[in-house]
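Below is one structure, written out as structure tokens; comments come after it.
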Amino acid sequence: MRTQVGIVGAGPAGLLLSHLLHRLGIESIVLESQTRRHVEERVRAGVLEQGTVDLLDASGVGERLAREGLVHHGIELRFEGASHRIALTDLTGRSITVYGQQEVVKDLIRARLDAGGEIAFEVSDVTLSGVDSASPAIRYRHAGEARVLDCDFIAGCDGFHGVCRPSIAPGVLTEYSRSYPFAWLGILASAAPTSPELIYAHHERGFALYSMRSPKVTRLYLQCAPDEDLARWSDERIWSELHARLETSDGWRLAEGPILQRGVTPMRSFVAEPMRVGRLFLAGDAAHIVPPTGAKGLNLAVNDVRILADALASWYAGRKGAIDDYSPRCLKRVWRAEHFSWWMTSMLHRFDHGDPFHQKLQLAQLDYVTRSKAAAASLAENYVGLPFDYGEAP
Ligand code: APR
Ligand code: PHB
């Protein structure tokens, strides 16, 4: 078998890349280790930057998003028992849209299949070869058979635990990482949201986040231990901790409801540089991870593949140097988002068993970003997403 771009991974990065390439007249095949059902039902983050929404819309996959996505113009920061709004749209002219990542994945799978695109689910034993030559190949097993996919380029869109990044020879990549002494326990609850906007809460018992998926479904997170045992969290304990961390003295109450899904999300910062080695490109979580506090993971993946599709189209049009710019163009935004995500995480979580000095610094910073218009605008412009040309040569 042969295609122009072999894509490993059918998460948002791999699927959107395949979709954008198709629109540019470039063929691709997507190889995914999980079932279609698994990738469509995996509950992940849900905040889309305006640029992400605009790109999905402009590329023809924004119809359901426009109907079902919840457009938000602000977020709340809650600390010392009081709530403070960051007026995202007033400060930046831009908004965010709450729409589950798995809904984006469903829309992209449908668009690819409707256009005759090929996605092979449940592949195994994926290995790469020839990435330093002009004819790389992907070997894998599918439906009981060993196969080889010859291609011009390989896109490693297989997430943090995928095979593409580890297949690069030792010493070629420089990896930067930071782990955090906590994780998030997340639940999806069948309960109508009682706050119209997301709430990021700093609390002495630990961070909590109030989010939503629809007018009937609330998404909630609690800071927990990195090795937290879910079995130790009864529904009652989860709700009592959420009430304690999120509710304020002004009488606002969160509504409880049946818990539809629960899980623990690890927290990590990670970047591998460069994002291209020979004919292999890394995109999305395969190349970088941010802690979810800044809601940047999916948006960074979208930006990578936007740049990659553009670079590949230029290459096929004869501008061979375009692929050299892929990694530096992506990394400018990646590092900005790494800083923002680390900063939000540092400002909002309980560290070092509640070290009082650290807590005082956090409260001083929270007070500043909610009092100073300049500081609020800085948070807001990062949260809604910097423009796509951020970091590009003038
Ligand atoms: N072979 C084939 N597919 C693989 C392999 C493999 N060896 N290893 C992993 N995959 C698949 C995974 O099953 C997954 O479907 O690659 C896909 C990677 O998708 P994601 O983890 O969703 O990563 P990405 O597409 O980069 O999306 C960016 O945004 O909200 C954040 O971290 C969140 O996943 C999210 C990310
Ligand atoms: C979510 O709704 O899942 C969500 C929202 C904001 C974040 C992270 C996750 O920062």
Side-chain angles (χ1 to χ4, degrees), residues 6-18 29-49 52 70 72 75 96-105 108-109 119-128 138-142 154-167 184 186-188 193 197-200 207-214 217-221 261 263 265-268 270 282-305 308 337 340-341 344-345 348 383:
I7 300 176
V8 186
L15 292 166
L16 181 60
L17 176 63
S18 181
I29 293 180
V30 181
L31 307 176
E32 165 60 50
S33 54
Q34 301 288 341
T35 62
R36 176 174 178 184
R37 187 166 172 187
H38 179 94
V39 298
E40 290 192 340
E41 293 185 356
R42 199 165 35 188
V43 179
R44 313 285 270 280
V47 172
L48 309 189
E49 295 175 357
T52 298
L70 308 168
H72 285 198
I75 54 169
I96 52 152
T97 300
V98 178
Y99 188 67
Q101 179 175 316
Q102 80 270 31
E103 305 307 322
V104 176
V105 164
L108 287 167
I109 290 176
I119 308 170
F121 290 99
E122 296 181 80
V123 305
S124 61
D125 303 335
V126 171
T127 56
L128 314 188
I138 310 177
R139 287 184 169 69
Y140 62 103
R141 290 189 75 77
H142 189 225
I154 298 174
C157 301
D158 50 347
F160 183 68
H161 299 287
V163 293
C164 292
R165 194 183 65 253
S167 76
W184 284 7
I187 63 162
L188 206 56
E197 293 181 338
L198 272 62
I199 304 166
Y200 288 81
F207 170 73
L209 170 60
Y210 186 96
S211 180
M212 62 217 62
R213 284 293 177 274
S214 75
V217 176
T218 311
R219 176 85 171 136
L220 297 141
Y221 298 93
Q261 185 271 349
T265 308
M267 304 282 275
R268 179 187 291 121
F270 173 86
L282 300 176
D285 279 16
H288 43 73
I289 297 281
V290 285
T293 328
K296 289 285 158 258
L298 168 69
N299 297 293
L300 280 183
V302 165
N303 188 58
D304 290 350
V305 300
L308 181 51
F340 178 66
S341 306
M344 287 283 280
T345 302
L348 288 161
Y383 195 85

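Counting starts at 1 for both ligands and their atoms, following the listed order. Values in this document were obtained by computation on a predicted structure and should not be read as measured data. Along the sequence shown, residues carry numbers from 1.
Expressed to the nearest 0.5 Å, how far CD of Glu41 lies from CD of Gln34 amounts to 12.5 Å. Rounding to the nearest 0.5 angstrom, the gap separating the CD atom in Glu103 from the CZ atom in Arg44 is 13.5 Å. With rounding to the nearest 0.5 angstrom, the CZ atom of Phe207 is 5.5 Å from the OG1 atom of Thr293. We find the CG-OH distance between Leu198 and Tyr210 to be 9.5 Å, quoted to the nearest 0.5 Å. Considering CD of Glu40 and CZ of Arg42, their distance stands at 10.5 Å, rounded to 0.5 Å. How far CG of Leu31 is from NE2 of His142: 8.5 Å, rounded to the nearest 0.5 Å.
Protein heavy atom nearest atom 28 (C) of ligand 1, with residue, atom name and distance: Asp285 OD1, 3.5 Å. In this structure, the protein non-hydrogen atom closest to atom 25 (O) of ligand 1 is Ala13 N, 2.9 Å. Of all protein heavy atoms, the one lying nearest to atom 30 (O) of ligand 1 is Gln101 OE1, 2.6 Å. Looking only at heavy atoms of the protein, atom 6 (C) of ligand 2 is closest to Tyr200 OH, 3.2 Å. In terms of protein heavy-atom proximity, atom 7 (N) of ligand 1 is nearest to Val163 CG1, 3.5 Å. Among all protein heavy atoms, the one lying closest to atom 19 (O) of ligand 1 is Gly11 CA, 3.4 Å. Of all protein heavy atoms, the one closest to atom 18 (C) of ligand 1 is Cys157 O, 3.4 Å. The single protein non-hydrogen atom nearest to atom 2 (O) of ligand 2 is Ser211 OG, 2.6 Å, given as residue, atom name and distance. Tyr221 CE1, 3.9 Å is the protein heavy atom nearest to atom 4 (C) of ligand 2. From the protein, the heavy atom lying nearest to atom 13 (O) of ligand 1 is Glu32 OE2, 2.6 Å.
When each of Val126, Ile7, Ile29, Val123 is tested with Ile138 by the rule side chain to side chain contact (heavy atoms under 4.5 Å, CB included), just one qualifies, namely Val126.
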Exercise for review: Evaluate the criterion side chain to side chain contact (heavy atoms under 4.5 Å, CB included) for residue pair His288 and Asp304; output intermediate values, then yes/no.
Suggested key: CA-CA 10 Å; His288 43 73; Asp304 290 350; 2.6 Å; yes

Exercise for review: Check the pair Leu48 / Leu298 against side chain to side chain contact (heavy atoms under 4.5 Å, CB included), numbers first and verdict last.
Suggested key: CA-CA 8 Å; Leu48 309 189; Leu298 168 69; 3.1 Å; yes

Check your understanding: Checking side chain to side chain contact (heavy atoms under 4.5 Å, CB included) for the pair Leu348/Leu209: CA distance, chi angles, key distance, verdict?
Key -> CA-CA 10 Å; Leu348 288 161; Leu209 170 60; over 6 Å; no

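When non-hydrogen atoms are compared, ligand 1 lies under 4.0 Å from the side chain of Ala301 (C-beta onward) but not from its backbone. Residue Val98 does not touch ligand 2, judged by heavy-atom distances below 4.0 Å. At a heavy-atom cutoff of 4.0 Å, ligand 1 is contacted by both the backbone and the side chain of Leu298. Of the heavy atoms in Pro292, none comes closer than 4.0 Å to ligand 1. Counting heavy atoms closer than 4.0 Å to ligand 1, residue Val8 contributes side-chain atoms (C-beta onward) but none from N, CA, C or O.
Counting only non-hydrogen atoms, the option in Val105, Leu282, Asp158, Asn299 that gets closest to atom 9 (C) of ligand 1 is Asp158. Nearest residue to atom 21 (O) of ligand 1 from Gln102, Glu122, Arg44 is Arg44 (criterion: closest heavy atom). Selection from Ser33, Pro12, Ala120, Gly284 by nearest heavy atom to atom 27 (O) of ligand 1 gives Pro12.
Ligand 1 places these atoms under 4.0 Å from at least one heavy atom of Val126: 1 (N). If you number the atoms of ligand 2 from 1 as listed, the ones under 4.0 Å from a heavy atom of Val47 come out as 5 (C), 6 (C). Under a 4.0 Å criterion applied to the non-hydrogen atoms of Val39, ligand 1 contributes the atoms 15 (O). Within the listing of ligand 2, atoms 1 (C), 3 (O) sit less than 4.0 angstrom from a heavy atom of Gly46. Applying the 4.0 Å criterion to heavy atoms of Thr293 picks out, from ligand 2, the atoms 10 (O). Taking every heavy atom of Ala45 and a limit of under 4.0 angstrom, the matching atoms of ligand 2 come to 3 (O). For ligand 2, the atoms closer than 4.0 angstrom to any heavy atom of Leu198 are 5 (C), 6 (C). The atoms of ligand 1 that sit less than 4.0 Å from any heavy atom of Gly162 are 8 (N). Listed by atom number, the atoms of ligand 1 under 4.0 Å from Leu31 heavy atoms are 2 (C), 3 (N).
Of the possible polar contacts, none joining the Lys296 side chain to the Ile289 backbone as a donor-acceptor pair under 3.5 Å is found. Checking side-chain atoms of Asp158 against main-chain N and O of Cys164 turns up a donor-acceptor pair under 3.5 Å.
Using a 4.0 angstrom heavy-atom cutoff, Met344 does not count as in contact with ligand 2. Residue contacts with ligand 1 leave out His38, since none of its heavy atoms falls under 4.0 Å from the ligand.
The shortest distance between side-chain heavy atoms of Val104 and Thr52 does not fall below 4.5 Å. In this structure, the side chains of Thr35 and Glu122 come closer than 4.5 Å at one or more pairs of heavy atoms. Contact of the His72 side chain with the Met212 side chain is registered, since non-hydrogen atoms from C-beta on lie closer than 4.5 Å.
At a 3.5 angstrom cut-off on N or O pairs, Trp184 does not count as close to ligand 2. Looking at ligand 1, you won't find any N or O of Gln34 less than 3.5 Å from one of its N or O atoms. When only interatomic distances are considered, the shortest N/O to N/O separation between Tyr383 and ligand 2 does not fall below 3.5 Å. Considering backbone and side-chain atoms alike, Pro292 places an N or O below 3.5 Å from some N or O of ligand 2. Here's the thing with Arg42: one of its N/O atoms is less than 3.5 angstrom from an N/O atom of ligand 1.
For the residue pair Gly46 and Arg213, the shortest heavy atom distance occurs at N-NH2, 3.6 Å. For Leu17 against Cys157, the heavy-atom pair with the smallest separation is CD2-SG, 4.3 Å. Nearest heavy atom pair, residue Ala295 against residue Val47, reads CB-CB, 3.7 Å.
Under the 30°/60° scheme for interplanar angles, the aromatic rings of Trp184 and Tyr221 are found to be tilted.
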